[in-house]
Amino acid sequence: MKNATTISVLALLIIPAIASGQDAAKPLPEAPSSQTISAGSRDSTVLGQTEADPPPSSAGIDPVAPRAPDVRAAINFEEKGHYYLTETYFNPSALTAPAFRAGLRMANPPGKRATQYPSEWRQGAEAFGRNYGDALAERVSFQTARFAMGVITREDPRYVPSSSRSLFARSIHAISFTVVDRSNSGNPMPAISNFVGAAAGGFVGNAYLPAGFNDVTHAGQRASLRFGLAAAGNLFREFAPQMPSPMRTFFMLIAR
């Protein structure tokens, strides 16, 4: 699992680097020039008009391509609830991501030899169902605890993209945003909800995982992994707009 996580993070860094290099070669559009208006009577024919401003962006919440910080509106409880439901249940990855993780867990079971997962967690359809349920419970626990704590601490769950064009600066911004995010009003604050959500996702398995994997040590390891996945999710949100559409969809289905 650790190797799979590392590979996913590296892919999230390498692919956007290629895409951002391609985008850098594109010339920036010229600013529209102002057209003069005849100084005659008010009813005279307009000789030219200033190009119309583009329509404002939708007020809806898009976790993949969030709005720029300078036009970002404060978030209310209803919008937080909509974000939580969309991220947790109302998207295709709610079914595909736990299945992908269950497959990885069965291909590389935790532990070794005598301390390895028991056979009922490693082989057959029932084992897949157990691992699928574990992945689903961890996902829902993380999102639910994160949402509840975010309401209490007045945190904004949405990701704020970096304004830099540097790949390194954008990567650091995405990772650090897992630790310091934004309040409802847009001010920086400790990302308490991420820590609480990761702990909930890590410790929920203690209620049903096999003996030897339902202790505090393993729960802490699962919580750390969940926190790392949250950082990887921020990297994805940062670079998703520059990813090719098929690659972006693939990551959304397995890791969102």
Side-chain angles (χ1 to χ4, degrees), residues 9 12-13 16 20 31 52-91 93-94 138-204 223-224 226-243 248 251-252 255-256:
V9 173
L12 287 170
L13 290 174
S20 61
D53 292 332
S57 58
S58 173
I61 300 175
D62 186 351
V64 173
R67 292 174 289 178
D70 56 340
V71 296
R72 183 187 178 107
I75 188 170
N76 56 36
F77 178 80
E78 182 180 355
E79 290 172 323
K80 284 186 180 182
H82 178 267
Y83 184 93
Y84 162 72
L85 293 175
T86 302
E87 283 289 280
T88 310
Y89 304 106
F90 302 143
N91 66 81
S93 68
E138 182 178 318
R139 172 193 175 97
V140 173
S141 297
F142 169 77
Q143 294 288 3
T144 302
R146 183 171 182 258
F147 165 71
M149 182 55 61
V151 171
I152 296 173
T153 59
R154 300 180 180 273
E155 287 181 58
D156 189 337
R158 300 172 297 181
Y159 176 72
V160 179
S162 171
S163 59
S164 173
R165 293 189 177 184
S166 166
L167 176 65
F168 179 76
R170 293 175 68 187
S171 301
I172 295 299
H173 170 83
I175 295 174
S176 62
F177 202 85
T178 315
V179 180
V180 178
D181 56 10
R182 297 292 183 271
S183 66
N184 289 351
S185 57
N187 298 317
M189 67 171 294
I192 301 173
S193 62
N194 285 338
F195 289 96
V196 173
F203 279 83
V204 68
S224 298
R226 170 51 62 181
F227 194 82
L229 291 174
N234 284 344
L235 283 169
F236 171 73
R237 287 172 171 81
E238 177 66 36
F239 294 108
Q242 285 78 48
M243 285 184 179
R248 182 169 63 248
F251 276 112
M252 289 181 65
R256 181 175 178 179

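Side chains included, hydrogens not; waters and symmetry mates left out as well; all remaining heavy atoms used.
- One distance of note links CG of N184 with OG1 of T153; it measures 8.0 Å at 0.5 Å rounding.
- Using a 3.5 Å distance cut-off with no hydrogens or angles, the side chains of T178 and N194 do not pair a donor with an acceptor.
- Residue N91 holds its CG atom at 11.0 Å from CG of L85, rounded to the nearest 0.5 Å.
- Nearest heavy atoms, M189 versus R182: CG-C, 3.9 Å.
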>> Is there a side-chain contact (heavy atoms from CB on, under 4.5 Å) between I175 and L235? Walk through the geometry before answering.
In response: CA-CA 7 Å; I175 295 174; L235 283 169; 4.2 Å; yes

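- Of the possible polar contacts, one joining the S176 side chain to the H173 backbone as a donor-acceptor pair under 3.5 Å is found.
- Within the 4.5 Å cutoff, no side-chain heavy atoms of F177 are placed close to those of R237.
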>> Determine whether F142 and T88 satisfy the following criterion, side-chain contact (heavy atoms from CB on, under 4.5 Å), listing intermediate values before the conclusion.
In response: CA-CA 9 Å; F142 169 77; T88 310; over 6 Å; no

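- I75 places a side-chain heavy atom less than 4.5 Å from the side chain of P157.
- With R154 contributing its side chain and S183 its backbone, the two residues share no donor-acceptor pair below 3.5 Å.
- For A148, there are no side-chain contact (heavy atoms from CB on, under 4.5 Å) partners, not counting sequence neighbours.
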>> Before you tell me yes or no, could you show the steps for Q143 and Y89 under side-chain contact (heavy atoms from CB on, under 4.5 Å), namely the whole-Å CA-CA distance, both residues' side-chain angles and the distance that decides it to 0.1 Å?
In response: CA-CA 10 Å; Q143 294 288 3; Y89 304 106; over 6 Å; no

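- Atom CG of L167 sits about 9.5 Å away from atom CD of E238, to the nearest 0.5 Å.
- Classification of the Y84-F147 ring pair by plane angle, with boundaries at 30° and 60°, yields parallel.
- S164 and S162 are not linked by any side-chain donor-acceptor pair at a separation below 3.5 angstrom, with hydrogens and angles left out of the test.
- In terms of modelled atom types and a separation under 3.5 Å, the side chain of E155 and the main chain of I192 share a donor-acceptor contact.
- Separation of atoms CD (E79) and CG (D156) is listed at 8.5 Å; rounding is to 0.5 Å.
- Among all heavy-atom pairs drawn from A145 and A200, the shortest one is CB-CB, 3.5 Å.
- For the pair R170/Q242, a side-chain contact is recorded, criterion being any heavy-atom separation below 4.5 Å from C-beta on.
- Between R146 and S193, the shortest heavy-atom contact is O-CB, 3.4 Å.
- Looking at F195 and M149, their side chains never come closer than 4.5 Å, going by heavy atoms from C-beta outward.
- Under the 6.0 Å cut-off for aromatic ring centres, H82 and F90 do not qualify, their centroids lying 6.0 Å or more apart.
- With sequence neighbours excluded, the residues that form a salt bridge (charged side-chain N to carboxylate O under 4.0 Å, His left out) with E138 are R101, R226.
- Across all non-hydrogen atoms, the minimal contact from R139 to S93 is NH2-OG, 3.4 Å.
- With rounding to the nearest 0.5 angstrom, the OG atom of S171 is 11.5 Å from the CG atom of N234.
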